[in-house]
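Data first, discussion second: the structure below is written as structure tokens.
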Number of protein chains: 2
Amino acid sequence: MITIKEIAERASVSRTTVSRVLNNNGYVSEDVKKRVLKVIKETGYIPSENAKSLRTKKTKVIGVILPKISTETSSRLVKGLDEVFAKEGYQILLTNTNLVPEKEIEYLRLLKSRHVDGIILSTTIINQPLVEEISQLKIPFVTVGQQISKISNVLFDDYQASKDLVNLMIKKGYKHIAFIGVHEEDRSVGYLRKAGYLDAMKEINLPIEDCWVQQGIFDVDSGYHSMREIVKNSKQKPDAVLAVTDRLAIGAMQYIKEAGLSIPDDIAVAGMGASELSRFVSPSLTTIDFSMEEVGLEAADLLLDQINGRNTHEKIRKVEYRLIERSSI
Amino acid sequence: MITIKEIAERASVSRTTVSRVLNNNGYVSEDVKKRVLKVIKETGYIPSENAKSLRTKKTKVIGVILPKISTETSSRLVKGLDEVFAKEGYQILLTNTNLVPEKEIEYLRLLKSRHVDGIILSTTIINQPLVEEISQLKIPFVTVGQQISKISNVLFDDYQASKDLVNLMIKKGYKHIAFIGVHEEDRSVGYLRKAGYLDAMKEINLPIEDCWVQQGIFDVDSGYHSMREIVKNSKQKPDAVLAVTDRLAIGAMQYIKEAGLSIPDDIAVAGMGASELSRFVSPSLTTIDFSMEEVGLEAADLLLDQINGRNTHEKIRKVEYRLIERSSI
DNA sequence: CTGAAAGCGCTTACAG
DNA sequence: CTGAAAGCGCTTACAG
């Protein structure tokens with residue numbers, strides 16, 4: 001591989017001078033500059049970022065830790081991140097925990113060993129060891145989607161979003177509203193969205209049958225099975241159901257249709273997430289658009305602020321959501 | 001930051017020795033080893049990959065160039081890649097050209113400057129400057145989805161897949177088959193899939209009206225408009241349509257439904273790609289499952305072969321596809 | 001079994 | 001305006 005040393009020799013200057021024209025700083029006469037540039041061009045020399053990083057302590061890479069790599073949520077998030085980072089000359093180093101909690105700590109260390117300039121963490125479950133690892137990391141850091149105190153977060157108001165959906169149903173005249181959630185360990189999607197549902201119902205004294213409240217996992221089948229439980233076991237059949245993700249909602253829709261019931265006449269359905277599916281499924285699904293892409297934008301912004309040492313007091317940034325009303329209600 | 005030097009001092013050994021226990025090679029007495037390990041643990045020392053790379057010339061990172069970051073195709077590809085690379089201790093550095101051709105060359109150079117151990121390129125359009133840049137790169141390299149001669153490729157048989165779909169339609173009794181493609185600059189999706197359609201029709205002398213063959217871009221709207229052109233302008237109305245992507249097909253379905261026609265009774269529809277949408281759209285869409293995830297697996301395998309200097313003669317690996325027959329035909 | 005020294009490819013005070 | 005030298009944090013022959 002061709003190095004700065006060889007360029008220096010060919011152009012009959014010192015490595016210092018070559019470095020100066022490379023980085024366009026320090027004085028260097030037009031003459032010499034031209035000579036060096038010519039040699040660089042001829043040789044196709046590309047400086048080693050690695051060597052550079054070792055000296056400058058900047059790598060221009062951002063580590064991103066994802067819970068799942070191939071979901072709409074993740075890919076939209078990464079799109080948002082990439083949009084601002086690419087513009088600033090940063091690349092993204094991707095790691096994927098596949099929902100294995102220990103991997104988060106492993107990757108945190110790995111990213112540290114690679115001297116990334118900053119880290120974005122998207123996670124579903126916060127645990128103590130993770131929080132401790134983060135706090136002693138000393139690298140610019142932003143979490144996304146889940147709140148960790150004392151650390152910069154980009155969040156949605158999951159509680160209110162869920163409440164909004166229930167209130168919409170209530171306004172439309174639905175009274176027997178069932179709920180398909182996920183494990184409450186996931187504070188944002190599991191706990192807060194459920195709390196929003198529960199509170200909205202409580203506020204106007206709508207009763208809830210036990211079996212109306214189901215807990216699934218993040219896939220379509222799970223929505224299907226949860227809906228079956230609800231329909232089979234309830235005394236008072238619900239006339240509406242809120243699912244905390246679109247895929248759960250779509251699974252629920254499948255069951256409802258299979259059971260010979262109509263949406264929304266017999267049972268109205270709402271999901272959350274504004275997945276592409278929600279638009280094209282039939283009937284089209286009422287949902288909440290959380291705009292993960294914007295979360296990516298904001299998170300990148302916050303991280304850049306930290307990296308550049310400005311505005312480091314800001315800890316929480318909330319991203320607006322949008323209720324999309326479609327034919328399933 | 002804490003370095004190997006400090007560990008050496010604290011453990012009263014040389015840096016050489018610390019390095020040896022870190023990498024678990026060379027002789028080092030149990031005693032000394034324990035002492036060093038203890039200090040490492042106490043201090044939370046994490047060696048700098050950067051410094052290491054500079055010496056060893058290996059970075060354990062793989063550069064991935066994507067044409068679009070937030071598509072199902074990309075995210076499935078990355079999932080496949082990550083699955084094998086993570087296992088071997090490689091991380092993925094992601095770059096996104098957003099379909100801007102010059103960015104490919106820019107990122108190729110950038111990845112070189114970062115001394116990635118290998119590069120995976122997913123691209124839609126091959127041009128001469130790109131091919132030249134690649135050939136002088138001297139880094140293990142694999143392309144995905146498009147064939148570049150003399151370079152390792154992981155491919156589908158786009159031509160045959162398209163033909164299979166047309167033949168299925170013919171077998172089902174459809175005779176007036178229209179086609180929605182994309183620009184032929186994209187050799188795999190644009191040119192080859194069109195050629196498959198054309199040849200299948202020609203082989204049994206099925207006539208094709210000019211306006212049956214439309215060219216769109218990669219989105220739903222474009223499928224909608226193309227279908228409208230077909231229906232409005234054709235003398236003999238087609239009884240089936242093949243679109244080269246699922247989103248084009250779904251756009252076509254939208255138009256067909258809006259026009260008050262039924263699928264598949266009036267017009268049958270097929271797409272390609274086996275997107276999630278294709279399963280849940282109604283009627284469910286007949287399509288080709290190209291398994292991008294498997295492409296990722298195979299591409300990673302091929303690249304690893306190159307990196308490890310084995311099996312470097314293999315240039316092309318074809319991934320099987322699967323025809324998924326559903327209710328739209 | 002252990003260590004001193006050179007070197008990976010850069011940048012950056014410092015001196016001139 | 002230009003260069004010699006030190007140093008970033010590691011690894012690796014080489015010597016003992």
Side-chain angles (χ1 to χ4, degrees), chain A residues 1-37 39-40 43-61 89 109-117 138-139, chain B residues 1-37 39-40 43-61 89 109-117 138-139:
Chain A
M1 217 199 49
I2 169 163
T3 71
I4 199 174
K5 188 166 164 238
E6 188 168 343
I7 302 298
E9 281 163 6
R10 291 208 196 202
S12 319
V13 294
S14 69
R15 277 139 60 207
T16 310
T17 301
V18 177
S19 174
R20 280 201 265 264
V21 350
L22 246 24
N23 297 294
N24 218 347
N25 64 13
Y27 295 103
V28 38
S29 69
E30 274 310 308
D31 242 33
V32 171
K33 191 170 184 173
K34 257 182 211 145
R35 213 162 70 222
V36 173
L37 250 17
V39 176
I40 290 176
T43 52
Y45 165 66
I46 299 176
S48 158
E49 278 302 318
N50 244 319
K52 193 169 172 172
S53 302
L54 191 58
R55 264 307 310 236
T56 61
K57 304 290 170 200
K58 306 228 163 293
T59 53
K60 284 280 178 174
V61 356
R109 293 188 184 155
L110 182 136
L111 292 174
K112 185 175 183 182
S113 78
R114 291 195 179 282
H115 294 277
V116 295
D117 290 344
K138 292 181 199 119
I139 298 179
Chain B
M1 219 200 49
I2 169 161
T3 72
I4 198 173
K5 189 167 164 235
E6 186 168 345
I7 302 298
E9 280 163 7
R10 291 209 195 202
S12 319
V13 294
S14 70
R15 277 139 61 206
T16 309
T17 302
V18 177
S19 175
R20 280 201 265 263
V21 350
L22 245 24
N23 297 294
N24 217 346
N25 64 14
Y27 296 103
V28 40
S29 69
E30 274 311 307
D31 243 32
V32 172
K33 190 170 183 172
K34 257 182 212 144
R35 213 164 69 223
V36 173
L37 252 17
V39 175
I40 289 176
T43 52
Y45 166 66
I46 300 176
S48 157
E49 278 301 319
N50 244 318
K52 193 170 173 174
S53 302
L54 192 58
R55 265 307 308 237
T56 61
K57 304 290 169 198
K58 307 230 162 294
T59 52
K60 285 278 179 178
V61 357
R109 293 190 185 152
L110 182 137
L111 292 175
K112 185 174 183 181
S113 78
R114 292 197 178 280
H115 295 278
V116 295
D117 289 345
K138 290 179 199 122
I139 298 180

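Letters A, B, ... mirror the listed sequences (proteins, then strands); counts begin at 1.
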Counting distance only, does the side-chain N/O of A:D117 pair as donor-acceptor with the main-chain N or O of A:K58 below 3.5 Å?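 No: the side chain of A:D117 does not pair with the backbone of A:K58.
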Identify the two heavy atoms, one from A:V116 and one from A:T59, that lie closest to each other, and give their separation to 0.1 Å.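 Closest pair (atom of A:V116, atom of A:T59, distance): CA-OG1, 3.5 Å.
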Set of residues satisfying side chain to side chain contact (heavy atoms under 4.5 Å, CB included) with respect to [X], sequence neighbours excluded:
{"X": "A:K33", "answer": "A:V21, A:N24, A:V28, A:E30, A:L37"}
{"X": "A:I7", "answer": "A:I2, A:V18, A:V36, A:V39, A:I40, A:T43, A:Y45"}
{"X": "A:R109", "answer": "A:I105, A:E133, B:I46"}

Going by salt bridge (charged side-chain N to carboxylate O under 4.0 Å, His left out), name the pairs with one or both residues in residues 3-21 of chain A, residues two or more places apart or in two chains.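 Of all non-adjacent pairs touching residues 3-21 of chain A, those that pass salt bridge (charged side-chain N to carboxylate O under 4.0 Å, His left out) are A:E6-A:R10.
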Name the residue closer to the 5' end of DNA chain C, choosing between B:S12 and B:L54 according to the nucleotide with the nearest heavy atom.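 On the 5' side of the pair lies B:S12.
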Please tell me whether B:S48 and A:H115 have a donor and an acceptor in their side chains that are separated by less than 3.5 angstrom.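 Yes, side-chain donor-acceptor contact under 3.5 Å.
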Would you classify [X] as touching base, sugar-phosphate or nothing, given that sugar-phosphate means primed atoms plus P, OP1 and OP2, and contacts are heavy atoms under 4.0 Å?
{"X": "B:K57", "value": "sugar-phosphate"}
{"X": "B:T16", "value": "base"}
{"X": "B:N50", "value": "nothing"}
{"X": "B:T3", "value": "sugar-phosphate"}

Tell me every residue that passes side chain to side chain donor-acceptor pair (under 3.5 Å) with A:N50, counting only those two or more places apart in sequence or in another chain.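 Per chain and number, A:N50 pairs via side chain to side chain donor-acceptor pair (under 3.5 Å) with no residue.
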Sequence neighbours excluded, which residues qualify as side chain to side chain donor-acceptor pair (under 3.5 Å) partners of B:T17?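 Partners of B:T17 under the side chain to side chain donor-acceptor pair (under 3.5 Å) test: B:S14.
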Are B:M1 and A:K138 side-chain neighbours, meaning at least one heavy-atom pair lies under 4.5 Å?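 They are not in side-chain contact.
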Test item: B:I139 and B:K112 side chains (from C-beta on) under 4.5 Å apart, heavy atoms: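 They are in side-chain contact.
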First and last nucleotide of DNA chain C touching chain B, 5' to 3', heavy-atom cut-off 4.0 Å?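 Footprint of chain B along DNA chain C, 5' to 3': C:dC1 to C:dG9.
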Nucleic acid contacts - residues 27-37 of chain B versus DNA chain C, non-hydrogen atoms under 4.0 Å: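 Close to the strand are B:Y27, B:V28, B:S29, B:V32.
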Watson-Crick or G-U stems involving DNA chain C, each at least 3 pairs long, distances under 3.5 Å, ordered by first number: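 Stem list for DNA chain C: C:1-3 with D:14-16, C:5-12 with D:5-12, C:14-16 with D:1-3.
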